[in-house]
Amino acid sequence: MISVENITKTFDQITALDGVSFCARPGEILGLLGPNGAGKTTTLKIMATFWQPDSGQVNLGNCDVIKYPQKAKQMIGYLPENVPLYDDMKVYEYLRFVAEMRNIAPDKILERIKKVSLETGLNKVIGQTIAQLSKGYKQRVGLAQAIIHDPDILILDEPTTGLDPNQIIEIRELIKNISQNKTIIFSSHILSEVSALCDRVVILDKGKVVAEGTPSELSAQLVKSLIFLEIGSSEENVFEKISAAGFKIAKDPAPGELGINIVIESNNVNDDKKKIAEIVLKNNWPIYSLETKSATLEDVFREITK
Amino acid sequence: MSLEKLPNKTGFTLEPHAIRSITVLVKKELASYFNSPIAYILICAFACFANWLFFKPFFLVGEATLRDFFLFLPWLILALIPAITMRLWSEEKRLGTIELILTMPISDWQAVLAKYFSALIFVVVILLATINIPLTVSQLGRLDLGVVWAGYLGLFFLSAVFLAIGQFASSLTKNQIISFVVSLIICFLLYIASASFILTGLPTIAAKILLQLGLASRFTNAAKGVIDTRDIIYHLSLVFLFLWLNVRVLSNRKWK
């Protein structure tokens with residue numbers, strides 16, 4: 001279990017983290033989500049022992065990261081936002097250097113390099129100089145160095161930033177593949193990525209945790225789904241009748257293609273859609289469309305960080 | 001828990017893997033020096049300058065002595081060492097690889113020492129590139145080898161101090177040019193503080209203090225063949241001071 005307890009961090013009187021607490025269970029993929037400047041990178045740098053918090057505690061199992069950073073460093077694989085590579089080195093030389101620094105036994109180093117290069121798809125470029133690699137491959141080299149010592153905990157700071165859509169999908173697949181038996185904590189501001197990869201999400205805003213849960217829990221709890229109804233514009237008492245049935249109109253009505261658009265909030269989309277349809281039929285309103293939209297993580301994100 | 005494995009606030013540990021990590025980092029640093037043409041250019045340029053500056057007046061004087069050699073070499077070293085050290089941390093900061101190094105199982109002290117030792121080895125190689133000068137002079141006349149050894153030892157300690165200063169300056173900034181200039185200024189001031197032309201005319205107390213602080217007078221002793229334990233201790237103290245400051249800068253991790 002990884003626990004972050006009440007950590008604070010200030011830079012030149014700017015509070016980057018203000019009492020951030022959360023935990024990650026073993027084997028879980030935890031996503032740190034938040035707008036730029038929310039404190040995601042600061043949190044990850046503290047967890048990776050690069051920075052020390054002003055106060056608070058980070059525990060990796062029984063290991064206090066702040067008191068015993070050397071022990072914690074052995075347990076962590078870390079990929080910072082700007083992939084830390086030596087461009088003049090060959091991929092093999094770089095991985096060998098990291099493996100040696102990570103105290104992997106000399107007779108195991110070759111085996112580990114082979115394994116991670118296969119896992120990360122680097123076997124084709126293993127003899128190339130890092131400077132010659134594409135951004136996608138450089139990201140893979142960064143991931144390979146983070147997992148070369150087979151750490152229990154993997155910390156990835158925005159691992160797909162700057163990649164093209166194909167590369168993003170490849171890196172996501174890669175993270176999924178290496179997530180078995182590891183706890184992965186990664187930050188992102190790409191909501192679809194977090195939805196696709198994470199078991200749980202912690203949303204940070206202005207240095208504070210503003211929401212925590214599984215993507216579906218957050219969607220269900222924080223933002224209601226919406227029902228879009230388009231009916232004839234000449235009908236009277238439409239809003240009164242819909243409100244009288246216990247519904248809340250989400251937005252001011254707007255003219256649609258054929259009639260008038262009404263957006264209704266819903267806690268239970270299927271039941272509510274049925275009820276709305278019944279009201280429409282009962283009143284003989286001409287209906288042009290009745291659609292629903294479930295709340296997404298994006299809606300949650302926009303709702304709580306606006 | 002065994003004594004060797006007790007956590008230690010200074011970052012000094014006795015664990016074998018710490019020594020291994022330092023060795024690995026030293027090897028990597030040395031490879032980055034010698035895999036680059038800049039290292040060979042520096043070595044050649046230094047050897048050429050030293051030879052030219054020495055042999056130009058040598059045959060006119062007609063004396064088998066290295067007095068002049070040890071007179072100008074500190075100035076060459078003064079210009080050379082900031083050029084070597086300017087990239088040590090600045091480059092790591094610019095590339096972001098400092099985050100890789102400092103999140104590996106190595107303490108800040110170990111990382112600083114590894115960088116320092118690799119730079120020191122490189123400087124020793126550069127100093128050895130001038131060995132043809134005493135060898136040539138010894139063939140031409142009776143050369144006092146004691147003075148040569150003492151001179152080289154003095155150069156080694158002077159370089160050791162300049163390297164520690166340069167490495168500290170490099171830890172302060174991402175910009176290699178700033179690092180070079182800061183290092184050059186500190187080294188220059190510390191060197192000339194006890195030069196005779198500075199001390200002349202100063203009040204006695206100020207002159208005495210500067211004489212103790214400056215490196216020029218101490219190097220002059222070595223160049224004359226006098227190795228004083230106090231000089232060695234002073235040089236080592238300065239090395240420790242600037243490496244300690246380097247560790248403090250890294251530990252604060254104020255850069256972004």
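All heavy atoms count here, side chains included; hydrogens, waters and symmetry mates do not. First the proteins, then the strands, lettered A, B, ... as listed; each starts at 1.
G96(B) and P84(A) make their closest contact through O-CB, 3.6 Å (heavy atoms, listed as atom of the first residue, atom of the second, distance). The two residues I98(B) and F50(A) have their closest heavy-atom pair at O-CE1, 4.1 Å.
K73(A) places no side-chain N or O within donor-acceptor distance of the main-chain N or O of T103(B), the cut-off being under 3.5 Å. Q70(A) places a side-chain N or O within donor-acceptor distance of the main-chain N or O of I106(B), the cut-off being under 3.5 Å.
Both the backbone and the side chain of F97(A) come within contact range of chain B, each with at least one heavy atom under 4.5 Å from a heavy atom of that chain. Using a 4.5 Å cut-off between heavy atoms, K71(A) does not touch chain B at all. At a 4.5 Å heavy-atom cutoff, the contact between Q145(A) and chain B is made by side-chain atoms alone. Within the 4.5 angstrom heavy-atom criterion, only backbone atoms of L85(A) (N, CA, C, O) approach chain B. Heavy atoms of P151(A) lying under 4.5 Å from chain B are absent altogether.
Applying the side-chain contact (heavy atoms from CB on, under 4.5 Å) test to M47(A) and every residue at least two apart in sequence or in another chain returns I2(A), V4(A), F22(A), T43(A), L44(A), V58(A), I155(A), I185(A).
By the 4.5 Å heavy-atom criterion applied to side chains, P105(B) and M101(A) are not counted as neighbours. Using a 4.5 Å heavy-atom threshold, the side chains of L100(B) and P80(A) count as separate.
Interface summary for chain B: among N103(A), T49(A), N82(A), the most heavy-atom pairs under 4.5 angstrom belong to N103(A). The greatest number of non-hydrogen atom pairs below 4.5 Å with chain A, out of L95(B), L25(B), T23(B), is found for L25(B).
Enclosure of atom CH2 in W149(B) is not indicated, since only 12 or fewer non-hydrogen atoms of other residues, nucleotides or ligands lie within 6.0 angstrom. Residue D107(A) places its CG atom among more than 12 non-hydrogen atoms of other residues, nucleotides or ligands, all under 6.0 Å distant. Remark: Y234(B) OH is packed, more than 12 non-hydrogen atoms of other residues, nucleotides or ligands lying under 6.0 Å away. The environment of N62(A) atom CG is sparse: at most 12 non-hydrogen atoms of other residues, nucleotides or ligands sit within 6.0 angstrom. In the displayed structure, I38(B) atom CD1 is contacted under 6.0 Å by at most 12 heavy atoms of other residues, nucleotides or ligands. For K182(A), the NZ atom sits in a packed shell: over 12 heavy atoms of surrounding residues, nucleotides or ligands are nearer than 6.0 Å.
With rounding to the nearest 0.5 Å, the separation of CE in M89(A) from OG1 in T97(B) is 10.0 Å.
Among residue pairs with one or both ends in residues 120-147 of chain A, those qualifying as salt bridge (charged side-chain N to carboxylate O under 4.0 Å, His left out) are R140(A)-E170(A); sequence neighbours excluded.
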Q.
Would E100(A) and K28(B) count as a side-chain contact (heavy atoms from CB on, under 4.5 Å) here? Give the steps.
A. CA-CA 11 Å; E100(A) 286 177 343; K28(B) 183 238 151 215; over 6 Å; no
Q) Does the pair E92(B) and Y86(A) meet the rule for a side-chain contact (heavy atoms from CB on, under 4.5 Å), with working shown? A) CA-CA 9 Å; E92(B) 301 273 10; Y86(A) 295 103; 2.8 Å; yes
